[in-house]
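In this text, all values refer to a predicted model and were calculated from it rather than measured experimentally.
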Amino acid sequence: MPNSVAILDFGSQFAQLIARRVREANVYCELFPWDAPQEKILAIQPQAFILSGGPNSVYAPGAPFIQQFILDSGLPILGICYGMQALTHALGGKVDASAAREYGFARLEPAPGAPLLADAPTQVWMSHGDKVTALPPGFSALAQSGNSPFAAMGDPARRYYGLQFHPEVNHTVGGREIIRRFVTEIAEVTPNWTPNSIIEDAVARIRQQVGAARVLAAVSGGVDSSVAAALVHKAIGDQLVAVFVNTGLLRKNEPEQVAKAFREMLGVELVAVNATDEYFAALQGETDPEKKRKIVGEKFIRIFEREAKSLGLPKFLVQGTIYPDVVESSAPDRNKADKIKTHHNVGGLPKDMQFDLVEPLRYLFKDEVRAVGEALGLPTEMVWRQPFPGPGLTVRILGEVTPERAKKLRQADAVLTEELAAAGLLGKGAGTSQAFAVLLPVKSVGVMGDQRTYQEACAIRAVVTDDFMTADWARIPYEVLAKVSTRIVNEVRGINRVVYDITSKPPATIEWE
């Protein structure tokens, strides 16, 4: 992939954000472990490298380091936090533990005319215990902060730069512009990663992969699976057959809505399968989140293998896997970021499945998927519908998944959606990016009609985000929350308490499981 950037991950939970910011500059990039093989990293033909942060100290035994081929490449390098320290350590500078650590907001004071940075002091986000105490030969200080005399450094001749702060997070004022300036001006990467170029590339790859074979598309009605199916349909037309499985773990009226969307809006052949009883039987008695996801993933594949036989054994299966699914499901390894959770369509798939996967969105972020959907001409209501996880309500029912508990959650979620829509807080450009209900395995005492109740609690989760990598809780007006709470308690039998989740991501994830 010419005109690309390789991001080396040294264990940062923000590494996906770096990738997202590069993509926002219309430049393709991929995220690699810091010790990935040379041939794998160079396969994308990078024109620059970005080194992420990480939790280690460069002077500790066994600490991650910059592989020599990166330094020998002569390509531009931007080191962020630990990446800056690793660059300093590799090139002959010095890194030491700091007596006063910097976590949170800091004031940056750039040197006059500093390349890469604006001249005026600005607010940045710091998260480090070590700091650079002596610059490598050829570098000069580009900025300082209250606790870091070398908060930014640069060697313009070699196009090497280091930032002690995190430009990728929203807390850093002008951070996006710093990353854009590095990739498009300093590294001179052509910004040609656009929805139309993504579609052209995906169509070519799909045709090359599947040839004249028939293909099954797994559709859930969610944004990702819908856009993936539309991309494959654009590439191979009637070779595609969409299969929709009703798991019994969907939102209110969703099976009917999905069937209508694919048959009428997209003109795709759709086979509907009712597997409600199978899913509830498979999930019976299980409460562990990871095991529930794996159960859903295996059941998903087994049903499609069964359908494939009745349709003439297609070899290929389309899935709406996106880049965050892949990154978050990656197995934890030495010096790399921890696995956050297994996604049913990545880490939850059985090893002996009989399909070759077609995943046209595998390297796209959620907002890129939506941009591609719009460029394909999909209906707005399909592209901008509320995100919904592949395992469905499985990951929003904490504890055991039963038909009764699924019914409660489906009703509560419908109330929330109806009230947010009535208040103008749903949809593109509205007050929430994602909102849903969660059923908790917690019972509490209440009073209804002068009688004591002991019923389950429901949590409301609503967030605002532009990339789904980070998110803040939505400030829904109290009167709307009050109406949602009143309706849920009055209309949903078995729920007597409603709470509102006011945790951002991080430290929490958007979904509860």
Visitor: For Leu409 versus Ala437, what's the shortest heavy-atom pair and its separation?
Guide: CD1-O, 3.3 Å

Visitor: Whether the side chain of Asp413 engages the backbone of Arg410 through a donor-acceptor N/O pair (distance < 3.5 Å, no angle test) should be reported.
Guide: no

Visitor: Mark yes or no: Arg362 above the aromatic ring of Tyr323, with NZ or CZ under 6.0 Å from the six-membered ring centre and no more than 45 degrees from the axis.
Guide: no

Visitor: Do Arg214 and Phe316 meet the cation-pi criteria used here (NZ or CZ under 6.0 Å from the six-membered ring centre, within 45° of the axis)?
Guide: no

Visitor: For Asn196 and Thr194, test the side chains for any donor-to-acceptor distance below 3.5 angstrom and give the result as yes or no.
Guide: no

Visitor: Calculate, to the nearest 0.5 Å, the distance between atoms CG and CG belonging to Leu426 and Leu420 respectively.
Guide: 5.0 Å

Visitor: Drop me the distance from Phe49's CZ to Phe69's CZ, to the nearest 0.5 angstrom.
Guide: 5.5 Å

Visitor: Within the side chain of Gln67, is there an N or O that forms a donor-acceptor pair under 3.5 Å with the backbone of Trp34?
Guide: yes

Visitor: Below 4.0 angstrom, N of the basic side chain to O of the carboxylate: do Arg487 and Glu418 qualify?
Guide: yes

Visitor: Could you point out which residue of Phe105, Phe165, Phe14 forms a ring-ring contact (aromatic ring centres under 6.0 Å, His included) with Trp125?
Guide: Phe105

Visitor: Could you report the tightest heavy-atom contact between Glu374 and Val383, atom names first, then the distance?
Guide: CG-CG1, 3.9 Å

Visitor: Parallel, tilted or perpendicular: which describes the rings of Trp473 and Tyr500, with under 30° parallel and over 60° perpendicular?
Guide: perpendicular

Visitor: Around Glu479, counting heavy atoms of other residues, nucleotides and ligands shown, do more than 12 lie under 6.0 Å from its CD?
Guide: yes

Visitor: Do any N or O atoms from the side chain of Thr432 and from the backbone of Leu425 form a donor-acceptor pair under 3.5 angstrom?
Guide: yes

Visitor: Without hydrogens or angle criteria, can the side chains of Trp512 and Asp501 be said to hold a donor-acceptor pair below 3.5 Å?
Guide: yes

Visitor: Is it the case that the side chains of Asn170 and Arg176 hold a donor-acceptor pair, with the cut-off being a distance below 3.5 Å and no angle test?
Guide: yes

Visitor: Would you say the side-chain atoms of Gln319 pair up with the backbone N or O of Glu359, donor to acceptor, closer than 3.5 Å?
Guide: no

Visitor: Using 4.0 Å as the upper bound for N to carboxylate O, is an ion pair formed by Lys505 and Asp472?
Guide: no

